[in-house]
Amino acid sequence: MLLASLSDTNKRTADALALLPPPFNFGSLSGNALNIFTATAHAPDIMTATAQPTQCDVPELQVIQPIAPMQSVAGPSRTVDAGEFSLSATASRERQDTLHVPIMDALSGSLDAVSTQPVWEQVGNINIPRPLSVHNQVLEKCPGIFTASSIFEDINIKSVTPMNTDIGPPMDFSHFLNAQPHENHEAPPDISTFSSAGPPSDEKNFSSEQDQEQHQSNKPLYEGSPLTVHDFMVSALSYAQSAHLTGASTAELINLIEMLLPKPNNLPKTSHMFKKYFEDNNNEIEVFFFCSNCWRSRQTQHDICDQCKGPNRKVNYFLSCSLSSQLKRLFNRPGFAEKLKYKYQRKKYVEENIEDVYDGSVYKKAEQDILINSRNLSLTWYSDGISIYECSTYSVWLVMFIINELPPEERHKPENVLIGGLWGGDGKPHPNIFLAPMYHEIEKLNEGVAVKPYGSEVEDVISVYLLCGTCDVPAKADFMNMKSHSGFFSCSKCFIRGEKSDRTGQVTVFPHQDELELRNDENYKMCVNLGINNKDGYKGVFGPSMLAYMFSSSFISGMTVDVMHSVYMGITKQFLRLWFDVKFKDEPFSLHEKIVIVNERLRSLNLPHFVQRLMLDVDKSLCFWKASLCRNFLLYVVLVVFKDIMPENYYLNLSKFVEGISLLNSSSISMSDLDKADSLLFEFCKEFQTLYGLRHMSFNLHLIRHLKDCVLECGNLFLNSCFRFEDLNGKFAALAHGTRHAIKQIGSRVKLVTELPLLIKSVKSSVAKNYCLKLSRRSKDFKINFKIENINAFVVGELTDLSKYGSKVTKLVAPLYEKPHLLRFFDRLFKNDLLFVSSSYGKGSRISCYCKYNFQGQLYHGLILTFFKITTESKDQYFALLERSLDLPAYNRYVEYSPSDKTDVICVSDLICVSFCLVVENHKYLIDPLNSLEFE
């Protein structure tokens, strides 16, 4: 049930409160009651209220009257070609004197139950069917715009809704409008059979040739062509995406190619045929319209609200996607169901250690309660905004879900991600309203959805549950309906108050506390009940959160801390400012006078090939320091570069921070590692306040006190960071073209990201497939020669008969082979997404020749001298020749490289990882990557 209370007075509304079901029983409603809603599947009725706004924009409740429950009217959904919809991106922030607000159960009804009639409207030069709906869902003001042409233009419109975000704290459910069903329930026409120029007529818009060519994907493009129609279509689509072509530009490209091809050919002759080739009749996107002024639901983009006054009345919208449809499509893919068995097939380094989300307490509890059936799945939630225009505040917000049962390297691949919805506007979305349709989708997944795995004739019914969530701090505050990081009691994990006073420079800081009172689900509910009666909330909580009702696990435990924003973009950049900003040059912690030395050391570093971003000068604007750069600087570089530069007490404090974060970001974490990391971070925070001052005890610094619990609850830090979600954000943002209609463009083209990798796999021509992989940036910038059988490794570059280590290799291997054999050498090997390079390879400035390897059951570091292949009558074998290091103890996780007199020959399968080799003051320090998922 969604409850919206509209009182900022001390009046009590006992009749309304009596209707409230669990889990919340609100004793009285006043103050900040705009933030209230309660979700349940047993809402008995709907209430209406007429309200007058006060000076603080919180309307006063005047009348409460029960009305009859809403009746759903079933009707067919329709497909609508959005064409050239045009709406303003500016939303009015005016308030009306009187607001009529029904309080309704928008979640218990079906989003699919709609009533439609085929009313045709003129939009620009295009006639479109006008969607109608009887449902009112909870939405928020969104200055979004419908988009122009694209390869996928069809949107399945099922419901429309109102929303409100501008008044009060971010969770506001005050404005609901009860729409009435239309009498005409005639099924709308399917626009897939006619062009976007208008409604269907007696004339056929396309010749029978189109129908004949729709299913010719396996035919050659023309007689004698090495490419099939399918190979060409996927290649053209790959190019269109990589070049960010609009639908019109893609059509022109097809026309140009058609001119160059011999006649006859099987190339699609129109842009419509090109789009139809990739069309999926199972549309998954719903559009929700609303008034930008009062946020009542509207039926079309032209349905201007008649309750509002003024010239700024607009109709805006957002998009919601069907999770169940996406899930069914995933199961239809070959091999997908097999990948979901990873949890039972994985090989742990140490059985008792934490190595994945399955080892966290949240997942373990779910296995006992809701994941008892081995076929059931769990999700992790994410949302963030994407700034897509350089000179505009307009941003697009996406909600994404990943499937935890997939292997870690598969979870964030575009083809495996579930899209929940898209929101666009100059401001943030209203989280509760944005999530309302997704709540209903999650509810259906909890109850069970029928899927048919690839190759199976029998449907399986699986249940899917939301267990975890991650996002940056501002988004977390909004979606959890809590205060932002600059407010008191803003931590989602504990009740630390914070301080803002003259001694803190009137900046909110969070002084160190030895003991922290932790939040849990029980005291969170108490805060919700008390917060709704207080305009400032209670201990940081304004009211209920829609996201909390979507979770099937502990909401407080499941919402983890994102290390990308809090540690790398937060604390690391804070350190850089404190150390090198000129305004702190007189402080004892300042390294401003050492900038030249630090920059010289950073420039001299030759990093491995898997590090894409090289180190920047520390006095360069921090906006150029991206998250991955900050991560590599903190975890691998800073302690080496600052050695003998930073004062000892500050260096030791920094070492504790680096070691603590490193332990929690490792691929395998023992209980002793957890305790040690927690102790190091505790000491770091306590000493930081003394060394750097209370003024700099930021919210991000406080969050690291909760990192141990986050690992215990949801697994290793890198598994729940936003890095790979941010990569997906970039892919989706690239789908928006021009300066208008951003979320419609992204929504209509989202399958270019999610489906294109699968289409590329289906390409038969090796030339076309390599071309597509290169455009999709999944191929490496080096030449793969051939794959080594039985291991995931590839020879890179050409094999040669000569090497400066030839005689040494011959002496080592000659006693092992009685029969004649052929010996050939090569310099590069690609294995497990890492490029190993021998020291004899003289090209490039990167250093990937130092590695960690296994020799006779022992782990060593060494320098790769060369790779070689031995060919006998029976088989080919591949080896590496290495110079073993003595590994002199250095500090933290570093060892100092010192060559020994031992040379090892190992099979290339025994190479474990490429190591960082950092040369400072003629010393070579080696340090290994913490995990295999953060290779760039």
Side-chain angles (χ1 to χ4, degrees), residues 1-2 21-24 37-44 69-75 77 104-114 135 137-138 156 158-159 161 282-286 320-332 336-337 340 362-363 365-381 399-406 418-421 432 434-453 456 458-469 521 544-555 558:
M1 173 179 176
L2 293 181
F24 296 107
F37 81 93
T38 304
T40 179
H42 307 289
M70 173 173 290
Q71 301 296 323
S72 297
V73 180
S77 60
M104 54 172 289
D105 181 6
L107 296 181
S108 61
S110 169
L111 292 178
D112 297 325
V114 299
H135 256 323
Q137 307 304 326
V138 199
N156 193 9
K158 298 181 179 179
S159 52
T161 51
N282 184 19
N283 294 296
E284 302 166 350
I285 300 178
E286 303 172 41
S320 183
C321 306
S322 170
L323 298 178
S324 56
S325 296
Q326 295 177 68
L327 195 63
K328 290 179 180 180
R329 192 178 71 246
L330 291 179
F331 272 89
N332 285 332
F336 179 79
L340 295 176
V362 169
Y363 196 94
K365 187 175 187 306
E367 285 183 310
Q368 299 173 358
D369 299 337
I370 55 180
L371 296 179
I372 300 175
N373 189 329
S374 61
R375 292 193 299 268
N376 290 349
L377 304 178
S378 65
L379 303 175
T380 292
W381 169 93
V399 170
M400 289 182 265
F401 300 88
I402 61 169
I403 301 174
N404 296 323
E405 283 67 29
L406 287 170
L418 303 177
I419 307 299
N432 279 353
F434 186 25
L435 292 177
M438 282 169 259
Y439 166 85
H440 188 69
E441 283 291 319
I442 292 293
E443 190 178 46
K444 289 193 294 185
L445 293 180
N446 291 169
E447 295 171 355
V449 58
V451 298
K452 183 181 289 186
S456 174
V458 181
E459 285 189 338
D460 290 334
V461 177
I462 64 170
S463 295
V464 185
Y465 303 93
L466 180 59
L467 298 185
C468 305
D521 289 346
S545 162
M546 177 69 76
L547 189 58
Y549 290 95
M550 295 169 62
F551 269 64
S552 296
S553 64
S554 166
F555 184 47

Residue list, side chain to side chain contact (heavy atoms under 4.5 Å, CB included) with [X], at least two apart or on another chain:
{"X": "Glu459", "value": "Ala450, Lys452"}
{"X": "Ser374", "value": "Tyr344"}
{"X": "Ser378", "value": "Tyr363, Leu371, Asn404, Glu405, Leu467"}

Just how far is it from atom [atom1] of [X] to atom [atom2] of [Y], taken to the nearest 0.5 Å?
{"X": "Leu379", "Y": "Ile403", "atom1": "CG", "atom2": "CD1", "answer": "6.5 Å"}
{"X": "Ser322", "Y": "Ile419", "atom1": "OG", "atom2": "CD1", "answer": "12.5 Å"}
{"X": "Lys328", "Y": "Ile462", "atom1": "NZ", "atom2": "CD1", "answer": "10.5 Å"}
{"X": "Leu435", "Y": "Met546", "atom1": "CG", "atom2": "CE", "answer": "7.0 Å"}
{"X": "Leu377", "Y": "Ile370", "atom1": "CG", "atom2": "CD1", "answer": "11.5 Å"}
{"X": "Ile442", "Y": "Tyr465", "atom1": "CD1", "atom2": "OH", "answer": "11.5 Å"}

Closest approach of [X] and [Y], non-hydrogen atoms and distance?
{"X": "Pro544", "Y": "Asn432", "answer": "O-ND2, 3.4 Å"}
{"X": "Asp460", "Y": "Pro453", "answer": "OD2-CG, 3.8 Å"}
{"X": "Gln326", "Y": "Cys321", "answer": "NE2-CB, 3.6 Å"}
{"X": "Ser324", "Y": "Glu441", "answer": "N-OE1, 3.4 Å"}

**Study point:** Ionic contact status for Lys444 with Glu447, cut-off 4.0 Å
**Key:**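 Salt bridge: no.
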Exercise for review: Return yes if some donor-acceptor pair links the side-chain N/O of Asn446 with the main-chain N/O of Val464 below 3.5 Å, else return no.
Suggested key: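 It does hold such a pair.
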Review point. What pairs with Phe555 under ring-ring contact (aromatic ring centres under 6.0 Å, His included), at least two apart in sequence or on another chain?
Key: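 Partners of Phe555 under the ring-ring contact (aromatic ring centres under 6.0 Å, His included) test: Tyr524, Phe551.
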Practice item. Go through Leu418 and Leu330 one step at a time and tell me if the side-chain contact (heavy atoms from CB on, under 4.5 Å) criterion holds. Key: CA-CA 9 Å; Leu418 303 177; Leu330 291 179; 3.7 Å; yes
**Study point:** Asp521: side chain to side chain donor-acceptor pair (under 3.5 Å) partners, not counting sequence neighbours
**Key:**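 With neighbours one apart ignored, the set is Ser554.
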Check your understanding: Pro437 versus Glu286: any side-chain heavy-atom pair under 4.5 Å?
Key ->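 SC-SC contact between Pro437 and Glu286 ruled out.
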Review point. Going by heavy atoms in the side chains, are Leu466 and Leu445 under 4.5 Å from each other?
Key: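 Of all side-chain heavy-atom pairs linking Leu445 with Leu466, none is under 4.5 Å.
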Exercise for review: Check the pair Leu340 / Phe331 against side-chain contact (heavy atoms from CB on, under 4.5 Å), numbers first and verdict last.
Suggested key: CA-CA 10 Å; Leu340 295 176; Phe331 272 89; 3.5 Å; yes
